[in-house]
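The structure appears below as structure tokens.
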Amino acid sequence: MDSESGPADKPSGGAEELEALVSTTDVELLKRAWRNEKAAPEILRFETHLIDRVAGQLQLMEETVDDFVETGIDPLTVSLYQMDLDRTQFLLRSYLRVRLQKIEKFMFHILKTNELHDRLSKQEKNFTRRYSEVIGKHLEESVLLNLPDNYQSLLRQSTTSEEDDMVPEPQMDAFVVCRAREYVGPSELQDSNKSLATDLLMEMEPGELFFIPFKRIKKLLENGKVDLV
Amino acid sequence: MAVQSEPDYSLFTAQEIEFVAEDELIEIVPNMRMDPLNLICGDFGPFLPQIAAQVPLWLAVALKKRGKCTIRPPEWMSVEKLTHVLEAERDSEREFQSLPFHYVEISRLLFDHARDDIPDGYMVRSLTEDIRDVRFHKVQSSLESFDGRTSAVQIKSLSAMEVNIVRPFVARALQSFQKLDSLLPDTDSMPNNQPQQADKAAKGRRVLRGR
């Protein structure tokens with residue numbers, strides 16, 4: 001939570017480039033990113049390179065379709081290209097939108113947590129800052145400033161609160177459904193802060209599905225060893 | 001209160017699941033000639049009359065709608081295969097037979113758009129529906145075995161639609177179990193002096209009835 005990790009798009013780059021070489025299309029990768037993002041309680045790292053590539057392809061394809069229309073190519077072919085374009089656009093929009101929803105919900109938490117803030121794209125950082133300013137101002141003017149002095153904080157219930165107890169945080173122990181992409185051993189699945197006496201030794205074979213608390217597979221998700229479904 | 005906190009975006013809609021399923025590849029037999037398509041999602045074709053080609057399901061359906069091809073149903077969508085699966089599903093209490101992850105969506109899309117391409121369509125349809133029912137029943141009865149100690153549940157070959165339908169309930173139930181369990185005194189640390197507590201932890205229901 002307190003780590004000051006490096007630039008937003010560094011760690012995912014290598015693995016992602018490698019994936020792209022192994023003949024997975026960017027659409028596949030985007031679909032995976034979209035599903036993971038939708039299913040994860042917290043905001044995940046923005047897929048900078050992938051989104052750049054997809055946006056580029058979309059633009060190229062739009063131009064191609066326009067050319068087709070002008071040169072009078074078979075309308076069936078054009079409509080198929082258009083469908084493909086629509087599908088990819090939908091994925092991209094939905095991906096960005098899910099992230100915005102999470103930002104809107106958890107903005108104060110994201111703003112005070114470096115690790116999360118670093119995961120956002122440049123535009124998202126901008127959005128977070130401006131949106132939180134506007135909302136903060138609105139809440140102050142309409143509610144907080146009319147309350148007794150002790151209760152005017154945006155982030156705390158009252159001045160006696162010891163921490164920011166009015167900041168919504170993602171539920172890290174929420175159960176998610178994940179699918180292993182490769183073998184995962186028992187040691188990779190345990191969460192350190194809980195007594196594990198009752199925990200069964202558990203492992204995952206590729207392709208197997210599990211209901212499991214998000215925090216236990218968070219690292220695995222970041223390393224691309226599991227996907228959320 | 002707790003019911004409301006489920007964020008909308010963690011769930012997929014049925015349409016979204018279907019959207020994902022539409023990317024599954026399927027074989028078509030075109031009846032026209034068309035140049036290769038270099039789509040964002042991949043390259044497909046060239047298309048020649050009577051020569052089978054692999055395309056994503058959405059593309060197959062689009063061509064089918066325009067009468068440009070017939071769709072070859074996947075191998076598992078035959079009366080023989082499905083009868084076998086259904087029998088096996090019924091025979092085993094806990095195990096799920098392996099079907100494609102998107103079998104519900106694929107079969108529905110094909111029934112909706114390519115009914116005439118499925119041999120024994122009526123039988124196939126009722127078999128898939130039976131299989132689905134049996135599997136759902138099995139999911140429901142396996143839910144009864146969860147308790148507070150359930151830290152993770154393996155769901156071996158549940159399909160996409162099945163996962164999506166049981167997810168809100170199962171995820172919430174598991175989380176509540178864990179929460180309730182963590183509120184109870186640690187039964188391992190006080191082995192003998194409070195047997196009732198251990199009993200309560202194991203079977204919450206008994207508490208309600210009194211001793």
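Since we're looking at a predicted model, the values are computed, not measured. Residue numbers begin at 1 in each chain, while the letters A, B, ... track the order of the sequences.
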- Using the side chain to side chain contact (heavy atoms under 4.5 Å, CB included) rule, take E28(A) and C41(B) through it: C-alpha gap first, then chi angles, then the decisive distance, then the call. CA-CA 8 Å; E28(A) 272 315 304; C41(B) 66; over 6 Å; no
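- R87(A) touches chain B through backbone and side chain together, each having a heavy atom under 4.5 Å away.
- The number of heavy-atom neighbours closer than 6.0 Å to OH of Y183(A), taken from other residues, nucleotides and ligands shown, is above 12.
- Atom OG of residue S94(A) and atom CD of residue E16(B) lie 5.5 Å apart, to the nearest 0.5 angstrom.
- For CD of E63(A), the number of neighbouring non-hydrogen atoms (other residues, nucleotides, ligands) closer than 6.0 Å is greater than 12.
- Of the atoms belonging to T64(A), not a single heavy atom falls under 4.5 Å from chain B.
- Note that CD of Q89(A) is 7.5 Å distant from CD1 of I40(B), once rounded to the nearest 0.5 Å.
- Residues Q175(B) and P213(A) fail the side-chain proximity criterion, which asks for heavy atoms closer than 4.5 Å.
- Salt bridge absent: D173(A) and K179(B) never bring a charged side-chain N and a carboxylate O closer than 4.0 Å.
- Surrounding CZ of R108(B) are at most 12 heavy atoms belonging to other residues, nucleotides or ligands under 6.0 Å away.
- Atoms CD1 and CG, from I73(A) and D35(B) in turn, are 8.0 Å apart once rounded to the nearest 0.5 Å.
- The CZ atom of F12(B) sits 6.0 Å away from the CZ atom of R35(A) when rounded to the nearest 0.5 Å.
- Listed for the Y81(A) side chain is no donor-acceptor partner under 3.5 Å among the backbone atoms of L37(B).
- Residue K64(B) qualifies as enclosed at atom NZ: its count of foreign heavy atoms under 6.0 Å is above 12.
- Heavy atoms of L63(B) lying under 4.5 Å from chain A belong exclusively to its side chain.
- Residues M34(B) and L76(A) approach most closely at SD-CD2, 4.1 Å, considering heavy atoms.
- The two residues K31(A) and V20(B) come nearest to each other via the heavy atoms NZ-O, 4.1 Å.
- Both the backbone and the side chain of F19(B) come within less than 4.5 Å of a heavy atom of chain A.
- By the 6.0 Å contact criterion, CZ on F127(A) is enclosed, its count of non-hydrogen atoms from other residues, nucleotides or ligands being greater than 12.
- In this structure, CZ in F175(A) is found 4.0 Å from CD in Q178(B), a value given to the nearest 0.5 Å.
- Here CG of L80(A) is found 7.5 Å from CG of L39(B). Values are rounded to the nearest 0.5 Å.
- Using a distance-only test at 3.5 Å, with no hydrogens or angles considered, a donor-acceptor pair links the side chain of R167(B) to the main chain of V229(A).
- Contact of L60(A) with chain B is not made at all, since no heavy-atom distance falls under 4.5 Å.
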